[in-house]
Amino acid sequence: MAPIPSTRIDWSGTGLRGTALEDLQREAEDYAERLATMIDRDAYRSEWDGAIHKWAHAKTRTIYPSPAQRRTPPEPSAAWVHATFFLGYFVFLLLLASVKPLRDAGSGVFLILAGFIVLWVVVAKSVSSSNKAMVERWWEEYDPHRFERGRLYAVLCQTVNARFEIAHAEYHRPVSSIPAPDVDTYPRERVKWTPRSARPEPMASCTDRQAEFLAKQWMEFLGESGCVVSAATRDGGADVVSLNFMAEVKHHASVIPPAMVRAVVGVAHVEGKVPLFFARTGYTDASVEFADRAGAALFAYDFARGTLAAKSKMARRALSEGLPAIAPDLL
């Protein structure tokens, strides 16, 4: 699994760089991949989200330990500046009301008032800046890494989450949807069915007739036994049949329309079998919608890569749990 490019996540502000940063990035990604193999695919998000936050918190505290003694930071206030201003403003109004020469000063009164307000703003800002600097000095002495700790915790959660999403999706991805040469390079969850034959390998080329035998191999790999490819000249509406399934194979270069899917579904229901459809390119949205209503499994195969993709609800269940899970007696 390719590593996540370090440029995607901003580690600035964590206080780490060089070898220490590279080691921690690698440790976070390794933890995410281990977690992905332990968390069940259907687990609630809160289960793995809680595990990630717990790990990130512990790792952050290891790198930036909290102060041994808990202390309360100072809370200086500039309220006295505002109180003094309002008191001075009140006194000024009293003087203005009681001293006649002050009332007769005209524009001079407004200049005094404006100067008083400017002085109040300047003093208030100065006191506020002084208080802020005092609090910062207190924190630098008490807990100098508080900002790095918070930033590191957030970045670790982000890194593990990103890697976990990729690793979890890959680990729980059906083995049939991975190119055959790459199957052994990833850890896989245990197959939930018993394959009846080996997984189909990539093919350099594929004819219409070969595609039918390829579909038979996929059905057997997904756990169905007794699969038979119909005669090349007349298949009676199905290319591959078994005790439980009836499959149609279309090696077309265009997507499959709903009419073709309806025809296979009709024949399969008459025979009491589950309809399967194997197509080279895929299906229209209408075809998928009909298949979901009719209980048909639509697959798209890639003979060159040796993969099989699910295109309908029933097909996704078959790739996850095997064809026996969608056999008629279990539906």
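- Judged by distance alone, with hydrogens and angles left aside, the side-chain atoms of Ser130 form no donor-acceptor pair with the main-chain N or O of Ser126 at under 3.5 Å.
- Residues Met203 and Gln210 have side chains in contact (heavy-atom distance under 4.5 Å, counting atoms from C-beta outward).
- A salt bridge does not link Glu29 with Arg26: none of the charged nitrogens is closer than 4.0 Å to a carboxylate oxygen.
- Counting heavy atoms from C-beta outward, Pro179 and Pro202 have side chains that stay 4.5 Å or more apart.
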(request) Could you give me the CA-CA distance, side-chain angles and deciding distance for Arg163 and Glu33, then say whether salt bridge (Lys or Arg N to Asp or Glu O under 4.0 Å) is met? (result) CA-CA 7 Å; Arg163 168 59 67 180; Glu33 294 189 14; 3.4 Å; yes
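- By the 4.5 Å heavy-atom criterion applied to side chains, Ile63 and Lys59 are counted as neighbours.
- Hydrophobic cluster membership differs between Val255 and Val249, with clusters built from Ile, Leu, Val, Met, Phe, Trp and Tyr side chains linked at under 4.5 angstrom.
- Arg71 CZ: more than 12 foreign heavy atoms inside a 6.0 Å radius.
- Nearest heavy-atom pair, Pro328 versus Lys273, reported as atom, atom and distance to 0.1 Å: CG-CA, 4.4 Å.
- Judged by distance alone, the side chain of Asn244 and the main-chain N or O of Ala327 form no donor-acceptor pair under 3.5 Å.
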(request) Give the C-alpha distance, both sets of side-chain angles, the deciding distance and a yes or no for salt bridge (Lys or Arg N to Asp or Glu O under 4.0 Å) between Glu141 and Arg137. (result) CA-CA 6 Å; Glu141 178 185 347; Arg137 286 194 300 272; over 6 Å; no
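- The side-chain heavy atoms of Leu222 and Leu308, taken from C-beta on, include a pair separated by under 4.5 Å.
- At a threshold of 4.5 Å between non-hydrogen side-chain atoms, the residues Ser320 and Arg317 do not count as touching.
- If you look at Trp48 and Phe164, their ring centroids are closer than 6.0 Å.
- Following chains of ILVMFWY side-chain contacts shorter than 4.5 Å, one can reach Trp193 starting from Val183, so the two form part of one hydrophobic cluster.
- Of all heavy-atom pairs between Glu224 and Ser242, the closest is OE2-OG, 2.7 Å.
- Rounding to the nearest 0.5 Å gives a distance of 12.5 Å between OG1 of Thr284 and NZ of Lys311.
- The main-chain N or O of Ser12 is never found under 3.5 Å from a side-chain atom of Arg17 such that the two would form a donor-acceptor pair.
- What you find for Tyr64 and Thr14 is that their closest heavy atoms are OH-O, 2.6 Å.
- With a 6.0 Å radius and a threshold of 12 heavy atoms from other residues, nucleotides or ligands, Tyr142 has its OH atom above the threshold.
- The two atoms that bring Gln217 and Ser197 nearest to each other are O-OG, 3.6 Å, heavy atoms only.
- In terms of heavy atoms, Pro174 sits closest to Ser177 at O-OG, 2.8 Å.
- For the pair Thr84 (side chain) and Trp80 (backbone), a donor-acceptor distance under 3.5 Å is present.
- Salt-bridge annotation for Lys216 and Glu220: present, with a side-chain N of the basic residue lying under 4.0 Å from a carboxylate O of the acidic one.
- In the hydrophobic clustering of this structure, Tyr153 does not group with Leu16; members are Ile, Leu, Val, Met, Phe, Trp, Tyr whose side-chain heavy atoms approach within less than 4.5 Å, directly or through other members.
- When atom types are taken as modelled, the side chain of Arg199 and the backbone of Val175 share a donor-acceptor pair closer than 3.5 angstrom.
- To the nearest 0.5 Å, atom OG of residue Ser287 and atom CZ of residue Arg262 are 8.0 Å apart.
- Checking side-chain atoms of Tyr283 against main-chain N and O of Phe299 turns up a donor-acceptor pair under 3.5 Å.
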(message) Could you go through Trp120 and His82, starting from their C-alpha distance and side-chain angles, then the distance that decides it, and tell me whether this counts as side chain to side chain contact (heavy atoms under 4.5 Å, CB included)?
(response) CA-CA 8 Å; Trp120 167 63; His82 306 295; 3.3 Å; yes
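- Under the 4.5 Å side-chain heavy-atom criterion for ILVMFWY residues, no single connected hydrophobic cluster contains both Phe147 and Val155.
- The shortest distance between side-chain heavy atoms of Val135 and Pro76 falls below 4.5 Å.
- Here the side chains of Asp143 and Arg149 are in contact, with some heavy-atom distance below 4.5 Å.
- Across all non-hydrogen atoms, the minimal contact from Val160 to Ala28 is CG2-O, 3.7 Å.
- Counting heavy-atom neighbours within 6.0 Å of His57 NE2, excluding the residue itself, gives a total of 12 or less.
- Under the 4.5 Å side-chain heavy-atom criterion for Ile, Leu, Val, Met, Phe, Trp and Tyr, Met38 and Trp55 are members of the same hydrophobic cluster.
- Here Thr159 contributes atom OG1 and Trp11 contributes atom CH2; the two are 4.0 Å apart, rounded to the nearest 0.5 Å.
- With values rounded to the nearest 0.5 angstrom, Leu319 atom CG is found 10.5 Å from Glu321 atom CD.
- Atom-to-atom distance recorded for Lys250:NZ and Arg280:CZ is 13.5 Å, nearest 0.5 angstrom.
- Taking CD1 of Ile256 as the reference point, atom OG1 of Thr281 lies at 5.5 Å (rounded to 0.5 Å).
- Residues Val288 and Val261 are not in side-chain contact: their nearest non-hydrogen atoms beyond the backbone lie 4.5 Å or more apart.
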(request) Apply salt bridge (Lys or Arg N to Asp or Glu O under 4.0 Å) to the pair Glu148 and Arg151, showing each step before the final yes or no. (result) CA-CA 5 Å; Glu148 289 91 342; Arg151 176 62 183 161; over 6 Å; no
